[in-house]
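Each chain gets a letter, A, B and so on, in the order the sequences are listed, and its residues count up from 1. Side-chain atoms are counted along with the backbone in the values below, which use heavy atoms only and exclude waters and symmetry mates.
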Protein chains: 2
Amino acid sequence: MRLTSFTDYGLRVLMRMAGTPDRAFTAADLAAEFRISRNHLAKVISALAAAGLLETRRGGGGGAMLARAPKDIRLGDVVAVLEADQALVECFASDTNTCTLTPHCRLKARLAHAGAAFVADLNRSTLADCVYRPEST
Amino acid sequence: MRLTSFTDYGLRVLMRMAGTPDRAFTAADLAAEFRISRNHLAKVISALAAAGLLETRRGGGGGAMLARAPKDIRLGDVVAVLEADQALVECFASDTNTCTLTPHCRLKARLAHAGAAFVADLNRSTLADCVYRPEST
DNA sequence: CCTGATTTGGTATTTACAATGCGTATTACT
DNA sequence: AGTAATACGCATTGTAAATACCAAATCAGG
């Protein structure tokens, strides 16, 4: 059971931004602070913006900031958005599925239910519960 | 959010065996039926046997069969065993973790809790709920 | 007590895909 | 204009899962 680093990074970004609201973070800033790839992080930020979680502004002095208050951002929703294209097991990707028991399988629905339980459990917390404050404040 | 095919195959094996109890399945039999790698499947079977879910017998006429009644095998436990070496996110693998917010991160515990919720939800079902019967019975 | 069938375990190879890098276009502030 | 940033497509890399291969241990049956 694994989440992609894409999702991992997305959560880090949100936690960090919640720690210093009203600041516009550039992808370069965050990449340096986290010591990860700037390019990859830029895509994560794009995805978060596309999901309506961040507001971005181009050009000089631009960057990204939270689109809503941390308490209005539920963690499960974030994970669900960032993991949207991940199939829990093979048979969830109907176009590439080769499982021979697919038509009669009684497991798939239960796995889907468990995945929903995972998200629901995370949704008991909001970003406000996971604010990250940098070293020097 | 993804499970490995290792786990996926393990679940298929158990469901199939529950459909025809008292039969000893060889790795080759199951691999042919599922149209997957025989060698890979052999390791899955090994892992299931090591976890006490299967009894295996070597030699001519050997094979594997369920060690317990299907109703006594909980799906969440199976997944937990087969996914044991999978880190949900980077910081769960403490030896290779590079996340700069690790000491102060308030997310990790919540992710772990959600992972447990996933397993617990699956544990509401047993293998008896997911028996797979082959085409011709 | 062989012989063939099967599991078991280790290692090596292949492959798939996430992760990363990079170049260009686009947008916007100064 | 010039500069600073996002946005986007494509190429490349790296890593881990998936697979293949091989040797050894084990057991049933003649």
Side-chain angles (χ1 to χ4, degrees), chain A residues 1-10 12-13 17 23-32 34-51 53-65 67 82-90 93 95-99, chain B residues 1-10 12-13 17 23-32 34-51 53-65 67 82-90 92-93 95-96 98-99:
Chain A
M1 189 174 177
R2 244 179 100 194
L3 303 181
T4 61
S5 73
F6 193 86
T7 300
D8 191 359
Y9 293 168
R12 295 185 200 178
V13 165
M17 285 184 176
R23 169 179 165 192
F25 289 85
T26 75
D29 286 344
L30 288 171
F34 294 159
R35 298 202 196 93
I36 57 178
S37 156
R38 182 199 166 285
N39 298 288
H40 198 210
L41 193 56
K43 293 179 191 182
V44 174
I45 292 174
S46 279
L48 291 171
L53 293 166
L54 297 183
E55 301 279 3
T56 61
R57 259 182 49 191
R58 299 184 176 189
M65 50 177 35
L82 294 176
E83 294 278 313
D85 56 353
Q86 290 291 320
L88 188 55
V89 291
E90 182 188 358
D95 52 338
T96 57
N97 181 30
T98 65
C99 178
Chain B
M1 189 174 181
R2 244 178 97 193
L3 303 182
T4 62
S5 72
F6 193 86
T7 299
D8 191 359
Y9 294 166
R12 295 184 200 178
V13 165
M17 285 183 175
R23 169 179 165 191
F25 290 84
T26 76
D29 287 344
L30 288 171
F34 295 159
R35 299 204 194 93
I36 58 178
S37 157
R38 181 200 166 283
N39 299 288
H40 196 212
L41 193 57
K43 295 184 186 178
V44 174
I45 292 173
S46 278
L48 290 171
L53 293 166
L54 297 184
E55 302 279 3
T56 62
R57 256 182 53 190
R58 299 184 177 190
M65 49 178 33
L82 296 176
E83 294 278 314
D85 57 353
Q86 289 291 320
L88 189 56
V89 291
E90 183 187 356
F92 281 72
D95 53 337
T96 58
T98 65
C99 180

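Atom CG of A:Leu82 and atom CG of A:Leu53 lie 7.5 Å apart (nearest 0.5 Å). Going from atom CZ of A:Phe6 over to atom CG of A:Leu48 covers 7.5 Å, rounded to the nearest 0.5 Å. Rounding to the nearest 0.5 angstrom, the gap separating the CG atom in A:Leu30 from the CZ atom in A:Arg12 is 11.5 Å. Here CG of A:Leu41 is found 8.5 Å from OH of A:Tyr9. Values are rounded to the nearest 0.5 Å.
A side-chain donor-acceptor contact under 3.5 Å links A:Glu90 and A:Thr98.
In this view, B:Arg23 and B:Asp29 satisfy the salt bridge (charged side-chain N to carboxylate O under 4.0 Å, His left out) rule, not counting sequence neighbours.
In 5' to 3' order, the nucleotides of DNA chain D bounding all contacts with chain B (an atom under 4.0 Å from a heavy atom) are D:dA17 to D:dA28.
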Next item on the list: Report, as a single string ordered 5' to 3', how protein heavy atoms within less than 4.0 Å touch nucleotides 19-30 of chain C: B base, S sugar-phosphate only, - not at all.
Entry: SBBB---BBBS-

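A:Ala27 comes within contact range of the sugar-phosphate backbone alone, with a heavy-atom separation under 4.0 Å but no base atom that close. Counting non-hydrogen atoms under 4.0 angstrom, B:Ala64 reaches nothing in the nucleic acid.
The closest donor-acceptor contact from the side chain of A:Thr4 to the backbone of A:Thr7 lies under 3.5 Å.
Here C:dT7 presents its C1' atom at 14 Å from CD of B:Glu55, a figure rounded to the nearest Å. Spacing between atom CG of A:Asp8 and atom P of C:dA18 amounts to 15 Å, rounded to whole angstrom units.
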